[in-house]
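Throughout, protein chains are lettered first and strands after them, A, B, ... in sequence-line order, and every chain is numbered starting at 1.
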Amino acid sequence: MPTETPRKQFQSPKKPKQSPNNVKSQSSTPSIHLSPQTPQLPLRRSSRRSLQLFTSKTVDEMLDLSTPRKALEALDGIGKCSGNNRKGSSVRTPRTLKCKFNEEDREIPEMGKVGEGNGEVSPEALESKKRKNGLSEEGSVKMGKSPKCKLNEDLGKLGEGNGDVVSPEKRKKGLRNEESVKTRKSLRCKLSEEEMEIPDLGKLGDATFFPVSPQALESKKRKKGGEKRAVTRAMATRSLKKVNKEEKKGRKRVYYKKVVYDGGEFEVGDDVYVKRREDASSDDEVPEMEECRVCFKVGRGVMIECDDCLGGFHLKCLTPPLKEVPDGDWVCGFCQARKLGKDVEFPKPPEGKKRVRTLREKLLASDLWAARIESLWKEVDGSYWFRGRWYIIPEETASGRQPHNLKRELYRTNDFADIEMESIIRQCDVMSPKEYAKANDQGDDVFLCEYEYDIQWHSFKRLAEIDNDEDGECANGDEDWNSCKEDDSDTDEDMEYEEENERNAHARPSTTHQLAANSRKGRFFGIRKVGTKMIPEHVRCHKQTELERAKATLLLATLPKSLPCRNKEMEEITTFVKGAICDDQCLGRCLYIHGVPGTGKTMSVLAVMRNIKSEVDAGSIRPYCFVEVNGLKLAAPENIYTVIYEALTGHRVSWKKALQLLNERFSDGKKIAKGDDRPCILLIDELDLLVTRNQSVLYNILDWPTKPHSKLIVIGIANTMDLPEKLLPRISSRMGIQRLCFGPYNYQQLQEIISSRLKGIDAFEKQAVEFASRKVAAISGDARRALEICRRAAEIADYNMKNQISSVNSSTVKDVVTMADVDAAIQEMFQAPHVQVMKSCSKLSKIFLTAMVYELYKTGMGETTFEKLAMTCSCLCTSNGEAFPGWDTLLKVGCKLGECRIILCEAGDRHRVQKLQLNFPSDDVAFALKDSKDLPWLAKYL
Amino acid sequence: MGREKEKEKLSEKALNLLRSRLSDPNFIFRPLSDSPDSNYSKLKFIISTSVTEACNNSILLLGPRGSGKVAVLELVLSDLLQQYPEAISVIRLNGLLHSDDNCALKEIARQLCMEHQLLFSKVASFDDNSQFMIAMLRECGLAHKTIIFVLDEFDFFAQGKQRLLYSLLDAMQSVNSQAVVIGVSCRLKLLSDERFKELIDTYLSFNFTIGHLVRFLFQAVSYMDLSAGFLSLGNFKTALSSNQRQPKLECIRDCSVLELYMMVCMKRLEVKEQASYNFYSVMTEYKSIHDSFQTSDYYAANVCLRAFEHLLQCQLISFIDNKGHNQSVEFRPVKLLISSAELHQGLKSYQQCPAILLKLMDR
């Protein structure tokens, strides 16, 4: 095709390429990262329809456009027209075919016609029709009851159809009806008229109109590289607000949460296939269902997927045929044979029929791209766009495909682009490993994504699981609520810093402090660099044993699924908090929680706050702010003001200023921002560390809740029971009223805690758990300690097991944690090492220690001097036939023992007058030295 | 002649080999590493599980100085760095240098920046650094990288508020990171604080003091006679004697006769069960000796005071307590720092020792 070459040129710069060299060369060309408004972007618009939009206008019209951006875009469009016109027809097929229907699905009777319509309407006819019709009508033109939706910003119409959007559940149900295993996709794009007509009202209601002004564009352009710049709604709003005054034109961009476009329903957060090239005419038919690799028919029979080559096979086409889909991995005969080193050829398709590749195959062969929709909007000219975040296949990364990459693995990149909706083919499913493991019969368009790929540094990083949570929160649409949470870094302020910083990074790298990774502003930028160049093999190829799983769940860092044994306390906290915030008056209150370490104080409070937050989300409780501070993490007690103020408002000021502002807010009742009238819950962990000499910090913090309009609730946590009593009376009267004690756990509770964590993992003997919990309960009742002991015991068992395997190939390797392992762990943890050290120290040190004990018995005084001790030592030595080495050597020995803190001693230069004292009970020394083999006579003196 | 030289060359080579092996901890500790009971394999197992299973861990290595704690640790770390070159970054802190929380965090941030080729700012605040550290812990966890914190002289970190340890170990309990904190200490009784004690999981204790042996062997090897080409028993004996020095006796050898007199006087006072004595009481004793024996060595009080001060400087005598700094030297009570047996031995080996002194010692 004559037009092929220019097209390819256009396309190549849009995505990071396989080899690092390529990427480098590309990054020098500005086109990759340019933001939507730059002229290069329309390149992305690969489909024909966009072109038609342009061609339907006159060139004059286009050039008449008021802003340079528009003009550029238009010009670009013209440039592309020539290339695209001819090929248009081949491009459009995927969309029509996509709406494959299922005869058995009675719910949608019209579907039957779709297939026929498809055959009848010739591309040319469509073309001409489309020219006549506006974009919004296009859909209906296309094959009668086509999946075309009308995107309606006309809010007046919204009332009617919102209830009819097919919920995911419905989709799934439909899926089960499907005959073939691999066909979920068809349902995705199944259309019913109601669904098409109008997008979800609730979502659209959110859509607001934002004017775009040149200034805003300017600022965006300056940021080179769209990387790391998710256009969130908040951001867009912000940048637009700034320039609100200047803008006069009626041009508006409309943002949506969900768009029904061309038969597919696209939401922010969805993953979609995106067209890459239009010229691949051989691929113009995209099969709705994959063909069997043997009979090359779609057919109705159940298909099974080979885990190696991902090819589909009818069960009945296999040799021997299978009755049902087997559990676990299944590899087809061809792959098995190939693995054995044979040369295998897949059956050739029958004459005249070409094997049709599915979208999945195309994607994995990088003939297609996949992206995640980050935001959706409608341009001024009526075209629909979305900001996509590219996915990348392993072959396209700098490190290439690694042997342990899964077949369906994709990486999420930090590369964004604005894409016209037109180039979307349809949805696909990119899942986290957890979801992927569960997804069995979900069709062919399922991919796994565990890592994010940084296109600048070519490094991988696991996707944080928090990511998903955040998305979920945003979907709730409660932005205000989010912004007051302490850990929410997406407040506008932060974003601005980050952007600024990024700009600085490119503009003037001289200001080192600004950019240093450990400074506040530079952290974000710097940390992005951290990543692994390759995904380590052990992560993927290692299968966890029971013991390793046990170790993982016993880790303190893993959050338990349930919190047993603290129901009463949690209830009390819940009633306290609810009582405080639900009260109309919202009188400030104060709760003091105390208990020994490891009894679940902080955890319970946080769990309660999580529960309450979910109630807020559900709407049954009014929103509030929650601020969490840890006393030990503050550089100085006064810094707490800064931390609180920053958490509340997002601004960072000095502590004096913060104190003044907080005083204004809580004491004087001045409300500055709009969220200020919400109740505020302040959790202070390790409260005792805030005690200063004049106790002013505690006084201030505990004084605010007593003020009439403060709406402040303080929850203080500390270990000491009598902290209020130790404080000045004016403080304790403000805080000591409501208290909650977390007693140490008893052994049943500890046992329950451990076994609740170990549920489903058969790695511990029952007695072993009981033993550990009894031991810990007897000593401290510290749950952390109990968990650590069990984990250490599992580690010891694991260690022993692995050693046994490596040394002897015995089959009788036990893989459970026994009492002995737990005992070893307890010994390690509780038994002080001094006995062991005394047992194994040198002869002279043993004599020295014996002399210390002997001296102690003789005089009854704990403290002795070196002179006396040396005399005793020489007596002992001479009477038992040992050579006495002299005072200087003896002094050295004493100092060594002093260094280990077995004895306490003064500095060695005091020599004869040096004072000495045993640091451990004399019984320990006696116990350690009684049976010493090299000096049996020591026992006489002990 | 030529053969002699060749022989010498060869023995020099042997000497160098011996020396290099003795000063290479890898060579010394490697043979001990294979058995499953050795600290080496235990330590290696714990750290490598943290790498492969993505978990946090904290270990405390205890043992007297010179028992090879750090040597074994370094051995393990170098092995693991070879095994997982990309996945490990080691942060080293020393309690003697970084016991201050602020400075320790800064150092951690600096080393983290170095490891990951990031820009580092000296002026970042405590908060910034600690947030940076926690962020790095998380990011490294996501990137399958393990951070190993080696805290040498751990006891210094366990003093005061222990803010660093708390934030480090607390981060490891809450953040999804993979980090190992390894404390190295020679103090057995350092974990008096409960809050902190709960955080350390594993204790490994070392007790075999190998440092001295190595030093002794090194000395013995250094005494090797190059022309003979072999180590002899004599070499070891000289090394032993130079290892077991008796500094006080050596001091006596350098003393003047007058100083010897003064020490004998002190000894006599002690025999008389006079627990404490100062310059004047020593002078009285000295005078009485002179009166009864009419020795030729009688000096004026100011000369004696000089001798007394010299003894103080040699630390053959010392003040009993630190009280009374403003008092002049001659009034402060002192104490003899060598035993009478040693003094006797010293006098005997002193060449120009007056006979009368030895006599006085005996009585």
Enter the distance from [X]:[atom1] to [Y]:[atom2] here, rounded to the nearest 0.5 Å.
{"X": "Leu165(B)", "Y": "Leu632(A)", "atom1": "CG", "atom2": "CG", "result": "10.5 Å"}
{"X": "Arg901(A)", "Y": "Cys186(B)", "atom1": "CZ", "atom2": "SG", "result": "8.0 Å"}
{"X": "Lys802(A)", "Y": "Ser48(B)", "atom1": "NZ", "atom2": "OG", "result": "8.0 Å"}
{"X": "Lys335(B)", "Y": "Glu867(A)", "atom1": "NZ", "atom2": "CD", "result": "4.5 Å"}
{"X": "Arg549(A)", "Y": "Glu53(B)", "atom1": "CZ", "atom2": "CD", "result": "12.5 Å"}
{"X": "Arg65(B)", "Y": "Cys895(A)", "atom1": "CZ", "atom2": "SG", "result": "12.0 Å"}

Out of [options], return the one with the most heavy atom pairs under 4.5 angstrom to chain A.
{"options": "Ser318(B), Ala54(B), Gly141(B)", "answer": "Gly141(B)"}
{"options": "Ile338(B), Leu105(B), Leu249(B), Asn102(B)", "answer": "Ile338(B)"}
{"options": "Ser167(B), Cys140(B), Ser339(B)", "answer": "Ser339(B)"}

Side-chain touch [X]/[Y], heavy atoms, less than 4.5 angstrom:
{"X": "Tyr166(B)", "Y": "Asn630(A)", "result": "yes"}
{"X": "Lys551(A)", "Y": "Thr49(B)", "result": "yes"}
{"X": "Arg791(A)", "Y": "Cys55(B)", "result": "yes"}
{"X": "Lys42(B)", "Y": "Ile796(A)", "result": "no"}

When you check the side-chain N and O atoms of Arg792(A) and Asn57(B), is any donor under 3.5 Å from an acceptor?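 On atom types as modelled, these side chains do not qualify, holding no pair under 3.5 Å.
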
Under a 4.5 Å heavy-atom cut-off, does chain A meet the side chain of [X], its backbone, both or neither?
{"X": "Cys113(B)", "result": "side chain"}
{"X": "Leu336(B)", "result": "both"}
{"X": "Gln117(B)", "result": "both"}
{"X": "Ser130(B)", "result": "neither"}

Please classify the contact of Leu634(A) with chain B as side chain, backbone, both or neither, using a heavy-atom distance under 4.5 Å.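 Backbone of Leu634(A) only, per the 4.5 Å heavy-atom cut-off to chain B.
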
Could I get the full list of ring-ring contact (aromatic ring centres under 6.0 Å, His included) partners for Tyr799(A), not counting sequence neighbours?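 Counting only residues at least two positions away or on another chain, Tyr799(A) forms a ring-ring contact (aromatic ring centres under 6.0 Å, His included) with Phe45(B).
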
Can you list the residues that meet the side chain to side chain contact (heavy atoms under 4.5 Å, CB included) rule with Asp888(A), with sequence neighbours excluded?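 Listed in chain order: His911(A), Gln246(B), Pro247(B), Lys248(B), Glu342(B).
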
